[in-house]
Amino acid sequence: MIKVLLFAHLQEKIGKDQLELEIIQSTVAELKNKLKNQFQLYELNSVMTAINEEYAMDEDIVKSGDTVAFIPPVSGG
Amino acid sequence: MIKVLLFAHLQEKIGKDQLELEIIQSTVAELKNKLKNQFQLYELNSVMTAINEEYAMDEDIVKSGDTVAFIPPVSGG
Amino acid sequence: MSERYSRQVLFQPIGTNGQQRICNKHVLIVGCGALGSSNAENLVRAGVGKLTLVDRDYVELSNLQRQQLYTEKDVCDQVPKANAAKKRLQEINSEVEIMPHVLDATPISLKPLLADIDLVIDATDNFETRFMLNDLMQKHRIPWIFGSCVGSTGMSYTVLPNETPCLQCLLDTIPVSGATCDSVGIISPAVQMVVAHQTTEALKLLIDDMEALRTKLVTFDLWHNHYHTMNVNRAKKTDCPTCGNNPTYPNLNEEASSKTEVLCGRNTVQIRIPQKMNLEELASRLQNIAPIKHNDFLLSIEYKSYRLVFFYDGRTLIHGTNSIEKAKSIYNQLAG
Amino acid sequence: MSERYSRQVLFQPIGTNGQQRICNKHVLIVGCGALGSSNAENLVRAGVGKLTLVDRDYVELSNLQRQQLYTEKDVCDQVPKANAAKKRLQEINSEVEIMPHVLDATPISLKPLLADIDLVIDATDNFETRFMLNDLMQKHRIPWIFGSCVGSTGMSYTVLPNETPCLQCLLDTIPVSGATCDSVGIISPAVQMVVAHQTTEALKLLIDDMEALRTKLVTFDLWHNHYHTMNVNRAKKTDCPTCGNNPTYPNLNEEASSKTEVLCGRNTVQIRIPQKMNLEELASRLQNIAPIKHNDFLLSIEYKSYRLVFFYDGRTLIHGTNSIEKAKSIYNQLAG
């Protein structure tokens, strides 16, 4: 199981601040695509991704037990 | 190994904000006594203790791999 | 709805209904120091209906480094904090009804102020008052939000009468060695961080968004980059004297609470707390502040123009003043 | 050392030496909205030597809900934010030298202000300006502290030229769909929480306590009780156009940066950004704000008295004004 934390407008879009996905292993890019298709989360095109609090790239591997955070840059000030 | 987080004046007393102790298993009370003897941390008489972010009592067991936080109540405002 | 609150109404969990609720609520803030002034500014900007402020002090120069709302002129004029706060708050938002009270927070002084209070914010600087608030709010069934800070650290926790563990569940006895801003200093971001948590929980409570409440106790250290939350559900005690099955509210008891008296002709005030004191702890914390003397019977310290003598039985003598207010203030600075 | 800073001097990592350093430093804050006004108040109370403030706006009623320093009178008088901030800040601390500038932050307008700046605080409300700051600070070797917030969320990160990954390393392109306070609202504690982190890192930098620096990117959501830190060390790119081996500073390039022009006789302003726009994203975010029309070529939206038309090639037309300032402001509210 992979835990996904959603921040800012990603939350509002799907009505939850976290998800638990029954996935054994995936790349960050695959995970994003899955969520884009399932929830129309186009915002995932421009987010920062962390795996277990470490900056991650699209080709990095996410495994069961990991926590992935999708952090959309917010611009207000 | 047990990770110990120290807040507020506990830090200043021993000059570190965290410790790593080579302990397999211990009660909270034993752990406090060990630190009291080793660092003269009398302040441990009136702290809150958390094991892995859960409130803990003196008789609770800490095991290798756990994170223990000692939280002295601070009074300023 | 006023354009003034438009950005808060746009925030989806609040909306127009939430804003209407906020505008109809009455909040009591106990203490108008660093936490109190900042909490007050947030709630007034957010448009709370009524705000009651309680504080016994006046503005001093050393407050300006971290106490929002106050200016150099308030220091010159020695304005009581509650009054100085009201003046600035009304310039910020004239729609909010603000009632300042310059008084020592005690069960007797607070009781008449509680009639229509929806929420209490703890912005006191000592645990004796917090334990009294804990009893009083439990008795009157009013939620309150604990907050405290020193150095670069702070903590916050929301107490819901009859639901969550109360302060007495979390801390068996009133801590006598709680570090104070006057002993180990403070930086303003520590204040802001506590207030950010207190105001957020206050807004949730004011709009009745109970699901969103944090429920955990937060502790942080901004300088050392720590942020820690603690689930305290298991701390709730059925035999707690404050929130248990047979509450006795021990901190509302006049006999049990601190007794303070002027010792005539000695230029000295005596304060008595209802517990024994751990003078080893106190000594280890005060030794960097001022010269101390410590023997088997007492701990004495020279501080500013005063000499304080702490006894194991819970008594403290403050030599150098006949003013109870001043003596309490010095006492809280060192042993708060 | 003044009694004013006594509690800050007592804070052990600062002490007398640290306070002396703070009093000799010069900080530039870009933006005097919510983040800027609160950062400014903290630094002025902390006793920074000089403070330069840059902002192009004036105080409006909808600002008062979260923008510290400003009052109803500032709204009535339509005082520019930088000037209103200076007035209040001097009442708080007359010892600090405060230089307000009412201007649009661009490479050209900022350059003359950088001469003796020790640190820059980002308090802007859009990523176009942040990417420009990122280039400018890298070029001039000045550390800067990114901060942003909307709703109950926010983030902060400190960029040290030649050491840490820069903003361009973390975000390949300027995000066009960054949520803004004008689209999804904001509560004041989110502002305070970002500022608590920015001010703490500022104090560490001002006293040269480099070991204490956070180094991680912080993101939080106060309403949903999340606090997340991210180690970004591996994000540093040797071919980064801003901080890599052969920097080109693409966001200082006049050609590459936004071009804004008034379309004569049409009561319309055109803004062009140097990237293609993702109109699907923008549409999904704006649909709750106002009526939108979306076809294969453009996205249009009715907003207040304006009509905005976004094109995939990066152009936007703002109909209903001939003012570049006004058009930029509306644009940043929606697509900032």
Side-chain angles (χ1 to χ4, degrees), chain B residues 1-21 27-29 31-63 65-77, chain C residues 31 33-36 122-127 130 147-155 165 167 169-184 186 190-191 194 216-217 219-221 223-226 228-235 278 280-281 283-285 288 332 335-336:
Chain B
M1 200 200 63
I2 293 170
K3 186 170 169 186
V4 177
L5 300 179
L6 301 168
F7 283 90
H9 43 284
L10 298 182
Q11 280 173 8
E12 278 153 48
K13 191 68 176 288
I14 68 165
K16 285 184 186 174
D17 56 356
Q18 45 186 300
L19 297 172
E20 299 194 335
L21 301 178
T27 64
V28 168
L31 190 58
K32 282 185 185 174
N33 276 330
K34 186 182 159 69
L35 294 173
K36 266 188 257 182
N37 292 333
Q38 196 171 343
F39 300 104
Q40 285 76 52
L41 269 184
Y42 299 116
E43 292 84 350
L44 286 175
N45 288 332
S46 51
V47 297
M48 288 179 283
T49 306
I51 303 176
N52 303 328
E53 308 208 335
E54 290 274 338
Y55 183 89
M57 332 252 178
D58 272 356
E59 59 275 20
D60 287 333
I61 304 287
V62 191
K63 291 192 298 291
D66 288 343
T67 297
V68 177
F70 290 122
I71 304 169
V74 300
S75 76
Chain C
L35 292 177
D122 162 35
T124 65
D125 62 359
N126 67 88
F127 274 105
R130 289 192 183 98
S148 69
C149 49
V150 300
S152 56
T153 73
M155 46 210 305
L167 193 65
C169 294
L170 299 182
L171 300 166
D172 299 326
T173 57
I174 301 178
V176 291
S177 65
T180 70
C181 302
D182 301 280
S183 62
V184 301
I186 181 146
V191 177
V194 173
K216 295 180 180 177
L217 184 145
T219 312
F220 64 82
D221 183 335
W223 205 270
H224 299 94
N225 311 309
H226 290 300
H228 186 270
T229 61
M230 176 163 68
N231 181 350
V232 295
N233 287 347
R234 49 181 307 240
N278 182 332
E280 282 72 22
E281 266 187 45
S284 108
R285 198 163 52 73
N288 299 320
N332 284 330

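What you see is a predicted model, and the numbers here were worked out from it, not measured in a lab. By convention in this document, chain letters (A, B, ...) are assigned in the order of the sequence lines, proteins followed by strands, and residues within each chain are numbered from 1.
The salt bridge (Lys or Arg N to Asp or Glu O under 4.0 Å) pairs that include a residue from residues 46-60 of chain B are Lys32(B)-Asp58(B), Asp60(B)-Arg234(C), where partners are two or more places apart or lie in different chains.
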After noting the C-alpha distance and the side-chain angles of Thr27(B) and Val62(B), does the key distance pass the side-chain contact (heavy atoms from CB on, under 4.5 Å) rule? CA-CA 6 Å; Thr27(B) 64; Val62(B) 191; over 6 Å; no

Steps toward side-chain contact (heavy atoms from CB on, under 4.5 Å) verdict (Val184(C), Val74(B)): CA-CA 11 Å; Val184(C) 301; Val74(B) 300; over 6 Å; no

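Looking at Gln40(B), there are no atoms closer than 4.5 Å to chain C (heavy atoms on both sides), in backbone or side chain. In this structure, chain B has a heavy atom under 4.5 Å from the backbone of Ala123(C), while its side chain stays farther away. Proximity to chain B involves both the backbone and the side chain of Asp221(C), based on heavy atoms less than 4.5 angstrom apart. Only the side chain of Leu5(B) comes within less than 4.5 Å of a heavy atom in chain C; its backbone stays farther off. Neither the backbone nor the side chain of Ile186(C) comes within contact range of chain B; no heavy atom of the residue lies under 4.5 Å from a heavy atom of that chain.
Highest contact tally toward chain B, considering only Met230(C), Arg130(C), Lys216(C), is held by Met230(C) [criterion: heavy-atom pairs under 4.5 Å]. When each of Gln11(B), Gln18(B), Met48(B) is checked for heavy-atom pairs under 4.5 Å with chain C, Gln11(B) comes out on top. Contact count against chain B (heavy-atom pairs under 4.5 Å) is highest for Thr219(C) among Thr219(C), Thr153(C), Val191(C), Val232(C).
Of the possible donor and acceptor atoms, none in the side chain of Asp66(B) sits under 3.5 Å from a partner among the backbone N and O of Ile2(B). Between the side chain of Asp17(B) and the main chain of Leu6(B), no donor-acceptor pair closer than 3.5 Å is present.
The two residues Leu10(B) and Pro72(B) come nearest to each other via the heavy atoms CG-CG, 3.8 Å.
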